[in-house]
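Values below: all heavy atoms of this structure, side chains included; hydrogens, waters and symmetry mates excluded.
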Amino acid sequence: MPRIEENCWTCSYARAHRSESISTSTLLVAKVHEMMTILTSVLATAYGSLASAKAMNLLRRGLVLFTVGVFLALVLNLLQIQRHVTLFPEEVIATIFSSAWWVPPCCGTAAAVVGLLYPCIDSHLGEPHKFKREWASVMRCVAVFVGINHASAKLDFANNMQLSMTLAALSLGLWWTFDRSRSGFGLGLTIAFVATLVTQLLVYNGIYQYTSPDFLYIRSWLPCIFFSGGVTVGNIGRQLAMGVTEIRHKECLDKMHKD
């Protein structure tokens, strides 16, 4: 009898211990599940906030680049029209800037795309652009680009080929002075090719025309303008893509080097 009672006590103890172990395991699993749910919720919220912040930053940069493109189109196209380099039909010249209505928005959209593309390509290639990353350099680059465009309308050469070679040298000098990156050079060439092709199609279809064309339907120096414009807008886009932390870090490094 004592042995039977001992066996019964042992069995009841084993059942209670097993039940307590199962209860503890269930509680532990529930706690882990609760912690994982909270962690997932926090990560999802953080990711959503980060994605929203990135989207807003992208939108702000795009709007700034669009505005810059519109402004440059109005100023530079006005110069070309006044010097009778480009000719639009009289019915489309209806604004105080004497430009076709579709030119500024098209140039603004192109500037936004190009300006956003440059830092993306840099990030994809793993080659962040670090050469002359300050607004003073960007403003000088814009000034040189405006000067190149001004030279294309006002300089008089014996023929367009001499002017084209001069502007090509100036455009390469702009890239070397303010960029010097392989991605910048490659994108500049791509932009020059695509923009020249689109311009040829527009002139071919009679949207507007160039006086004294010597490269099919356009002037031979036009790809140089597109190349230098792409480099300029790309530098603006890169500078806009710099974060506040990166700018402050660079300023600290510059101060350290000066000291």
Side-chain angles (χ1 to χ4, degrees), residues 50-80 86 88 92 95 97 99-125 127-149 171 174-175 178-179 181-202 207-208 222-244 246-247:
L50 183 62
S52 177
K54 285 185 176 179
M56 288 301 298
N57 182 40
L58 196 68
L59 181 61
R60 283 195 296 267
R61 286 158 48 198
L63 288 175
V64 172
L65 288 164
F66 179 85
T67 304
V68 170
V70 168
F71 176 75
L72 289 176
L74 290 173
V75 174
L76 302 181
N77 195 49
L78 176 62
L79 178 64
Q80 299 286 345
T86 55
F88 288 92
V92 303
T95 69
F97 296 101
S99 177
W101 67 267
W102 51 267
V103 172
C106 288
C107 291
T109 303
V113 172
V114 171
L116 294 175
L117 187 62
Y118 262 75
C120 289
I121 295 297
D122 291 338
S123 177
H124 181 73
L125 295 177
E127 299 178 354
H129 186 254
K130 299 179 180 179
F131 183 70
K132 291 190 176 182
R133 296 295 299 272
E134 64 271 346
W135 279 111
S137 177
V138 173
M139 292 299 103
R140 287 193 294 269
C141 183
V142 173
V144 173
F145 168 61
V146 173
I148 291 175
N149 192 87
S171 299
L174 180 142
W175 168 79
F178 300 104
D179 192 319
S181 66
R182 293 181 299 172
S183 59
F185 186 77
L187 277 172
L189 289 179
T190 304
I191 292 165
F193 174 78
V194 173
T196 301
L197 180 61
V198 171
T199 305
Q200 294 276 19
L201 292 174
L202 290 175
I207 305 300
Y208 70 104
L222 197 60
C224 304
I225 301 297
F226 290 140
F227 175 84
S228 57
V231 173
T232 301
V233 174
N235 279 342
I236 297 174
R238 283 166 167 166
Q239 192 65 26
L240 289 172
M242 286 183 68
V244 176
E246 186 179 352
I247 293 175

Atom pair [atom1] ([X]) and [atom2] ([Y]), whose distance is rounded to the nearest 0.5 Å:
{"X": "Ser181", "Y": "Leu125", "atom1": "OG", "atom2": "CG", "answer": "9.5 Å"}
{"X": "Phe227", "Y": "Leu222", "atom1": "CZ", "atom2": "CG", "answer": "14.0 Å"}
{"X": "Arg60", "Y": "Leu63", "atom1": "CZ", "atom2": "CG", "answer": "9.5 Å"}

List, one per line, each side-chain donor-acceptor pair under 3.5 Å for residues 184-199, sequence neighbours excluded.
| residue | atom | partner | partner atom | Å |
| --- | --- | --- | --- | --- |
| Thr190 | OG1 | Gly186 | O | 2.9 |
| Thr196 | OG1 | Ala192 | O | 2.6 |
| Thr199 | OG1 | Ala195 | O | 2.7 |

Working for side-chain contact (heavy atoms from CB on, under 4.5 Å), residues Leu58 and Arg61: CA-CA 5 Å; Leu58 196 68; Arg61 286 158 48 198; 4.0 Å; yes
Can you find a heavy atom in the side chain of [X] that is under 4.5 Å from one in the side chain of [Y]?
{"X": "Arg140", "Y": "Glu134", "result": "yes"}
{"X": "Val233", "Y": "Arg238", "result": "no"}
{"X": "Trp102", "Y": "Ile207", "result": "yes"}
{"X": "Tyr118", "Y": "Ile236", "result": "no"}

Donor-acceptor contacts under 3.5 Å from residues 103-117 side chains, at least two apart:
| residue | atom | partner | partner atom | Å |
| --- | --- | --- | --- | --- |
| Thr109 | OG1 | Pro105 | O | 2.8 |

Steps toward side-chain contact (heavy atoms from CB on, under 4.5 Å) verdict (Phe145, Leu174): CA-CA 8 Å; Phe145 168 61; Leu174 180 142; 4.2 Å; yes
Qualifying residues under side-chain contact (heavy atoms from CB on, under 4.5 Å), relative to Val75, sequence neighbours excluded: Phe71
Set of side-chain contact (heavy atoms from CB on, under 4.5 Å) partners for Cys224, sequence neighbours left out: Leu167, Ala168, Ser171
Heavy-atom donor-acceptor pair, Ser228 side chain to Ile225 backbone, under 3.5 Å: yes
Contact summary for Cys141 and Thr232, nearest pair of heavy atoms: SG-OG1, 3.6 Å
